[in-house]
Amino acid sequence: KAGVTQTPRYLIKTRGQQVTLSCSPISGHRSVSWYQQTPGQGLQFLFEYFSETQRNKGNFPGRFSGRQFSNSRSEMNVSTLELGDSALYLCASTSTSGGAETQYFGPGTRLLVL
Amino acid sequence: AQSVTQLDSQVPVFEEAPVELRCNYSSSVSVYLFWYVQYPNQGLQLLLKYLSGSTLVKGINGFEAEFNKSQTSFHLRKPSVHISDTAEYFCAVSQRAGGFKTIFGAGTRLFVKA
């Protein structure tokens, strides 16, 4: 099985712009979660989507949003970018096979805001 | 709400020596427990997980962890480390119901010296 893929891998934007990141989960996985990783705040949960519905949400401002499509692919969008949004954004898809929930992470998208 | 505390930010150790990375958690609900490893410029890789049953969990690369409910700890151990184990290690908890929302510790940087 192919792993979780994220595109693009690297991105440079300027303050005030918006950005869209994409995540393709492992085939058959219906849950997709997003995380932000920064040196100062560490790994923080953004949101989780399951069957096209947001099921859980972290403590991020409304500038951060996401969606999930019928094929389970997910996108996250950040509007009005700020310097502090520079981070590694990780996507994870979840397997619930046999009742054992396990997250598989993609390689991440590194966003630099100038 | 859940929280995770990794008691050491950095752990230097000589090659072939044993190592223990400490993790304590708090939660008002039942949780799953995980350890992940992150190599430079890569995403997270699952080392091991505790879902239920035996409190001693064995993972990949010779790592194991012990769940201690009374002390709310989930320490990671390896009897003999290699240079290639140099990486960042994250302890994490996830609620058992209501979808996936993983809370990570701040990470422990394991540095294996020759």
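Each chain gets a letter, A, B and so on, in the order its sequence line appears, and its residues count up from 1. Since the structure is predicted, the reported quantities are computational estimates derived from the model, not experimental observations.
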Item to check | Candidate pair A:Tyr49 and A:Phe47, rule ring pair (Phe, Tyr, Trp, His ring centres under 6.0 Å), full reasoning | outcome: CA-CA 7 Å; A:Tyr49 285 86; A:Phe47 29 66; 5.6 Å; yes
Item to check | chain A contact via B:Gln38 - side chain, backbone, both or neither, heavy atoms under 4.5 Å | outcome: side chain
Checklist entry - Which answer fits B:Leu46, side chain, backbone, both or neither, if we ask what part of it has an atom under 4.5 Å from a heavy atom of chain A? => result side chain
Checklist outcome for this item: Given A:Leu90, A:Leu43, A:Val4, the one with more heavy-atom pairs under 4.5 angstrom with chain B than any other is A:Leu43
Next on the checklist: Heavy-atom pairs under 4.5 Å with chain B - which of A:Gly108, A:Ser31, A:Gly58, A:Pro107 has more of them than the others?
Outcome noted: A:Pro107
Checklist entry - When the ring centroid of A:Tyr35 is compared with that of A:Phe105, is the distance short of 6.0 Å? => result yes
Item to check | is_close_aromatic(B:Tyr89, B:Phe63), centroid dist under 6.0 Å | outcome: yes
Item to check | Flag for A:Thr109-A:Arg9: side-chain donor and acceptor within less than 3.5 Å | outcome: no
Checklist entry - Checking A:Gln37 against chain B: side chain, backbone, both or neither under 4.5 Å from a heavy atom? => result side chain
Next on the checklist: Under 4.5 Å from any heavy atom of chain B, what part of A:Leu46 do you find: side chain, backbone, both or neither?
Outcome noted: neither
Next on the checklist: Can you see whether B:Phe14 has B:Lys113 sitting over its ring - NZ or CZ less than 6.0 Å from the centre and within 45° of the normal?
Outcome noted: yes
